[in-house]
Amino acid sequence: MSSYDVIIIGAGPGGYVCAIRCAQLGMKVAVVEGRETLGGTCLNVGCIPSKAMLHASHMLHEAEHNFASMGLKGKAPSVDWKQMLAYKDETIGQNTGGIEFLFKKNKIDWLKGWGSIPEAGKVKVGDDIHEARHIVIASGSEASSLPGVKVDEKTVVTSTGALELGKIPKKLVVIGAGVIGLELGSVYARLGSEVTVVEFLDAITPGMDAEIARQFQKMLTKQGLKFTLGAAVQGVTVKGAKATVTYKLRKDDSEHTLAADTVLVATGRKPYVEGLGLDALGMEMTDRGQIKTDAKYATNIAGIYAIGDAIEGPMLAHKAEDEGMACAEGLAGQHPHVNYGVIPGVIYTHPEVGSVGETEQTLKEKGHAYKVGKFPFMGNARAKANFAGDGFVKILVDAATDRILGAHIIGPMAGDLIHEICVAMEFGAAAEDIARTCHAHPTYSEAVREAALACGDGAIHA
Ligand SMILES: Cc1cc2nc3c(=O)[nH]c(=O)nc-3n(C[C@H](O)[C@H](O)[C@H](O)COP(=O)(O)OP(=O)(O)OC[C@H]3O[C@@H](n4cnc5c(N)ncnc54)[C@H](O)[C@@H]3O)c2cc1C
């Protein structure tokens, strides 16, 4: 039996960041991880592999569509699918290996295997029982499916199967127009698949600013993705290697079918807490199966904490990381704080979408008087030069004080540009603060400044 200050269950972005912070703050730390590699969903089957595939397929798109106009002539590259998957796997390996290195550097023990909590203060891994003053559950999430849809990870796949298909499907049906479905749908559309996205709601990307969502759908449609909205999937049948998706249109209850070589079920994720022994411990859960915590990530059981996808809040790697750091700092007696009002959300399609804070819809619901400043990337010199003029920056400010309440960007590097606004919001800045900050020319970030100017006396290049 070994004894630790903290044992963390799960080595995803929540767990590994929590472990490193605990070690930096002088605690003796171990992490239990059942996978063969560290990094959790994010590094192994989530953020990182999907971004590698988005990058590779975007390069193909650039070669096919934009090289010739820049005077770069010659045959467009063809796809070597095995090599593309190998590139993706190598990217995963570099990142998961990096976490192993950080564990060694910070003297964090990796207890290999699946852990459970027989009682507060004890963690069982295999036949070994380890003691810990504090236990942090960072067990993450798993894909959820729909009634009538049986995932086999070959023909009917979750995102995990979609990242290692045997071949590029001719016809791909994506169930669910959320972030994961649209990112992976874009990958396969660029690689030549005929992609149809079936969504229960009448708009894509629920929760996103509606104007941005409409523009986003138009852009994806231009790229070849087809959308069937307001459609309730009834089931998927598989015969041989072919699938048939049956859905009913909600407006008239009419039934339709779609044929596919591959069906991607991207209808969301649910907390993964299997095998931890939470029932026996009497752990309080929400009605959505999340572990209930207070503002310091403490559960109802003394000495047990929980963070990341396993608790409430957006299922995002950076949210899990911030909670991991804050939880560790709390255990060390500090008084950390995660600002849930300033957690950016990014979709890594091309163009990217970056959002933070309030949308027009949430402000209207709250009856909050606001002003909008917008600027199109068509007015940005760098974007025009780089064939990236589609999209715009939209900043929402308090009508009386000019304080920034939210921002939504669809366009080049939106996922990076959004952070200028995040920092501004953390400092309680007004749009004028951004507008009066000198921005280098020519950069995409000038579009953010122009949108900030548009909240006041007007943008210059619009
Ligand atoms: C396809 C896809 C793309 C995504 N892209 C993005 C993105 O671009 N940006 C973003 O912010 N988020 C993205 N996400 C979401 C992101 O991956 C998660 O929000 C994040 O990984 C959550 O981190 P976590 O630490 O809470 O849990 P996880 O990363 O899920 O890690 C939990 C770990 O705990 C381990 N574990 C569970 N139970 C036990 C046990 N009993 N014993 C031992 N080990 C256990 C699991 O094996 C797992 O490795 C994506 C997800 C998917 C599926």
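Computed over heavy atoms, backbone and side chain alike; hydrogens, waters and symmetry mates excluded. Numbering of ligands and ligand atoms starts at 1, following listing order.
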Practice item. Please confirm whether the backbone N or O of H350 pairs with a side-chain atom of Q223, one donor and one acceptor, at under 3.5 Å? Key: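 Here the side-chain-to-backbone pair exists.
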With heavy-atom distances below 4.0 Å as the criterion, list the atoms of ligand 1 near [X].
X: M315; value: 15 (C), 19 (O)
X: L316; value: 10 (C), 11 (O), 12 (N), 19 (O)
X: Y348; value: 8 (O)
X: G34; value: 43 (C), 44 (N)
X: Y272; value: 37 (C), 38 (N)

I'd like to know whether [atom1] of [X] has more than 12 heavy-atom contacts from other residues, nucleotides or ligands below 6.0 angstrom.
X: M315; atom1: CE; answer: yes
X: K226; atom1: NZ; answer: no
X: K51; atom1: NZ; answer: yes

Relative to ligand 1, is [X] under 4.0 angstrom through side chain, backbone, both or neither, heavy atoms considered?
X: S50; answer: side chain
X: V45; answer: backbone
X: I180; answer: side chain
X: S116; answer: neither
X: A320; answer: side chain
X: L276; answer: side chain
X: K319; answer: neither
X: P13; answer: both

Check your understanding: Given G14, G46, P344, which has its nearest heavy atom closest to atom 3 (C) of ligand 1?
Key -> G46
Practice item. Kindly identify the option in R35, K51, H318, K124 whose heavy atom sits closest to atom 8 (O) of ligand 1. Key: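 Result: the heavy atom closest to atom 8 (O) of ligand 1 is in K51.
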For [atom], grab the closest protein heavy atom and report residue, atom and distance to one decimal in Å.
atom: atom 4 (C) of ligand 1; value: C47 N, 3.4 Å
atom: atom 19 (O) of ligand 1; value: D309 OD1, 2.9 Å
atom: atom 34 (O) of ligand 1; value: G10 CA, 3.1 Å
atom: atom 45 (C) of ligand 1; value: W114 CZ3, 3.4 Å

Check your understanding: Parallel under 30°, tilted from 30 to 60°, perpendicular over 60°: which one fits the rings of Y87 and H55?
Key -> tilted
Review point. Any idea how W114 and Y272 line up, ring-wise: parallel (<30°), tilted (30 to 60°), or perpendicular (>60°)?
Key: perpendicular
With the threshold set at under 4.0 angstrom, would you say [X] reaches ligand 1 through any of its heavy atoms?
X: A143; answer: no
X: S141; answer: yes
X: R269; answer: yes

Drop me the distance from [X]'s [atom1] to [Y]'s [atom2], to the nearest 0.5 angstrom.
X: Y348; Y: C47; atom1: OH; atom2: SG; answer: 7.5 Å
X: I307; Y: C18; atom1: CD1; atom2: SG; answer: 4.5 Å
X: D89; Y: Q94; atom1: CG; atom2: CD; answer: 11.5 Å
X: N300; Y: D294; atom1: CG; atom2: CG; answer: 10.0 Å
X: R449; Y: S445; atom1: CZ; atom2: OG; answer: 9.5 Å
X: I409; Y: S355; atom1: CD1; atom2: OG; answer: 8.5 Å

Review point. Considering all heavy atoms of both residues, which atom of E183 and which atom of S50 are nearest to each other, and what is their separation?
Key: OE1-OG, 3.9 Å
Review point. Could an N or O of ligand 1 be found under 3.5 Å from any N or O of S159, whether backbone or side chain?
Key: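 No, since none of the N or O atoms of S159 sits under 3.5 Å from an N or O of ligand 1.
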